[in-house]
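The chains referred to below are lettered A, B, ... by the order of the sequence lines, with proteins before strands, and numbering in each begins at 1.
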2 protein chains.
Amino acid sequence: MLPAGEPKFRRRKADRPGEIVEAAMQVFAEKGFAAARLDDIAARAGVSKGGLYLYFDTKDDIFRAVVEQAIAPNVQLARAMLAAHPGPFPDLIRALAAHVGGVIQTTSIGGVAKMVIGEARNFPELARIWHDRLVGPMLDTLAGVIAAAQARGEVRPGDPRAYALQLVAPLLVGVIWRETFAPVGAPAFDLPALIAQHVDTYLGGIAP
Amino acid sequence: MLPAGEPKFRRRKADRPGEIVEAAMQVFAEKGFAAARLDDIAARAGVSKGGLYLYFDTKDDIFRAVVEQAIAPNVQLARAMLAAHPGPFPDLIRALAAHVGGVIQTTSIGGVAKMVIGEARNFPELARIWHDRLVGPMLDTLAGVIAAAQARGEVRPGDPRAYALQLVAPLLVGVIWRETFAPVGAPAFDLPALIAQHVDTYLGGIAP
DNA sequence: CGTAAATAACTGACCGGTCAGTTATTAGGA
DNA sequence: TCCTAATAACTGACCGGTCAGTTATTTACG
């Protein structure tokens, strides 16, 4: 039983937090907060359970870090897109839909969203972070864009916040479907096709 | 220490299961499946924990009973409505929206739905039941109605299932919002107003 | 070497499920 | 009608397993 060449572990203080958060995001997205075991997270991150506590104080703390990491880049991107786009309203919506459609299909943000929805009641602070940092600003920005379009006569009268929610809802439900019902044998939706059709009818219905 | 007038408990074999399921529905809707303690359910049902096991074998079993009880009546109603309604497509959609809006606001079905979404990965059978008995048939029926309307030239071409999902999505997201973000201080949506506006734009967008 | 990073064995609280005993209720005999 | 025996609904203390968090110890590395 000689430990021979390979050392038992490496000291990599700088890289650990990121690796742990990445592993935790996967496990949380799979199991939800309560059912995620710290042993699982540690194993997937290539660390012992005790090692987690060198970088985070509690399980909640890890959850917070995951949400922050999952949130920040995407909020940034969508915000920038809405702010930068100059064209007429339909073009803006189509560009946004294309971007969001890509994000939805390439990241595990769907699983994280499902996790937030599912655990909101037991961990209200998580719902608060998710809302204050992601959903709230996004909806406000979108509502602002819609209100501006209304002022220019490009969109019919009505509550801009509600219009914003109407736009986003089918995407969210599509993701929920994929995460919830498709795994148990329900027929899947073709997300890009669904989005395309939705944008068409949405723009048709919202025009004056 | 005389036990005097009030007896310690009553024997009410007939009423217990219903009371337990009702209590369990509340606790599950509040906490989700995993976080719901049998002690809580028992206390709310006015029974001891052991008493639960006189009527149900496992926690899963109670969950199943709750889902069945929450599902059956509503599926029945919505199905009947779709089958019975003769009028033109827009009228049918408006009637359906009004009905569903009422159900959403008077029952705890929203909480149960959130629970199913949140726990689907850890308890796939629940997602299966929810889909096979409620969501699936509902979506199929709706898609059938839409396809029929397309055949009559009342609805523009496109995937009927996707159109059905587009119709339902804002309602679902509205409920999720109410259950998830409103409790942590997010501005609430006026559900009836949201539904009304959505039906208008939906019908406008889906017309040929 | 010294010390900080990392491990692995450990603790204690919690919770689903069990079961021996308790109590309300019913049935039957005087 | 009253009393007693039999029954089954119900209770609550308990057990075993799980898991978040702690700590004593080992190991890598400047």
Contacts satisfying side-chain hydrogen bond (donor to acceptor under 3.5 Å, both in side chains) that involve residues 26-35 of chain B (not counting sequence neighbours) are Glu22(B)-Gln26(B), Gln26(B)-Arg44(B), Glu30(B)-Arg44(B)

Side chain to side chain donor-acceptor pair (under 3.5 Å) partners of Asp132(B), counting only residues at least two apart:
none

For Val100(A), side-chain contact (heavy atoms from CB on, under 4.5 Å) partners two or more places apart:
Leu96(A), Ile104(A), Leu171(A)

Please list, pair by pair, any protein nitrogen or oxygen found under 3.5 Å from a nitrogen or oxygen in nucleotides 8-11 of chain D.
residue: dA8(D); atom: O4'; partner: Arg11(B); partner atom: NH2; Å: 3.2
residue: dA8(D); atom: N3; partner: Arg11(B); partner atom: NH2; Å: 3.2
residue: dA9(D); atom: OP1; partner: Lys13(B); partner atom: NZ; Å: 3.1
residue: dA9(D); atom: O4'; partner: Arg11(B); partner atom: NE; Å: 3.1
residue: dA9(D); atom: O4'; partner: Arg11(B); partner atom: NH2; Å: 3.3
residue: dC10(D); atom: OP1; partner: Arg10(B); partner atom: O; Å: 3.0
residue: dC10(D); atom: OP1; partner: Arg12(B); partner atom: N; Å: 2.7
residue: dC10(D); atom: OP1; partner: Arg16(B); partner atom: NE; Å: 2.7
residue: dC10(D); atom: OP1; partner: Arg16(B); partner atom: NH2; Å: 3.0
residue: dC10(D); atom: OP2; partner: Tyr55(B); partner atom: OH; Å: 2.3
residue: dT11(D); atom: OP2; partner: Ser48(B); partner atom: N; Å: 2.6
residue: dT11(D); atom: OP2; partner: Ser48(B); partner atom: OG; Å: 2.9
residue: dT11(D); atom: O5'; partner: Ser48(B); partner atom: OG; Å: 3.3

How many Å lie between CG on Asp57(B) and C1' on dT18(C), as a whole number?
13 Å

Test your reading of the model: is there a side-chain donor-acceptor pair from Lys59(A) to the backbone of Phe33(A), 3.5 Å cut-off?
yes

Salt bridge check, Asp40(A) against Lys49(A): does any charged N sit closer than 4.0 Å to a carboxylate O?
no

All ring-ring contact (aromatic ring centres under 6.0 Å, His included) counterparts of Tyr163(B), not counting sequence neighbours:
none

To 10°, what angle do the rotation axes through the five end pairs on each side of the helix from dC1(C)-dG30(D) to dA30(C)-dT1(D) form?
10°

Please state how far atom CD1 in Ile62(A) lies from atom P in dC19(D), giving the value in whole angstrom units.
15 Å

Kindly write out the residues that satisfy side-chain contact (heavy atoms from CB on, under 4.5 Å) with Pro187(A), not counting sequence neighbours, or none if the list is empty.
His131(B), Arg161(B)

Contacts of Gln150(B) meeting side chain to side chain donor-acceptor pair (under 3.5 Å) (sequence neighbours excluded), chain-then-number -> none

Under the side chain to side chain donor-acceptor pair (under 3.5 Å) test, residues paired with Glu68(A) that sit two or more places apart:
Arg133(A)

Starting at OH of Tyr53(B) and ending at P of dG16(C), how long is that distance when rounded to a whole Å?
7 Å

Does Tyr202(B) have any ring-ring contact (aromatic ring centres under 6.0 Å, His included) partners at least two apart in sequence or in another chain, and if so, which?
His198(B)

Phe189(B): which residues meet the ring-ring contact (aromatic ring centres under 6.0 Å, His included) condition with it, sequence neighbours left out?
Trp177(B)

Interatomic distance where CZ belongs to Phe56(B) and P belongs to dG17(C) [whole Å]:
13 Å

Report the distance from atom CG of Asp60(A) to atom C1' of dG21(D), rounded to the nearest whole Å.
12 Å

Which residues, if any, of residues 18-43 of chain A bring a heavy atom under 4.0 Å of DNA chain D?
Ala36(A), Arg37(A), Leu38(A)

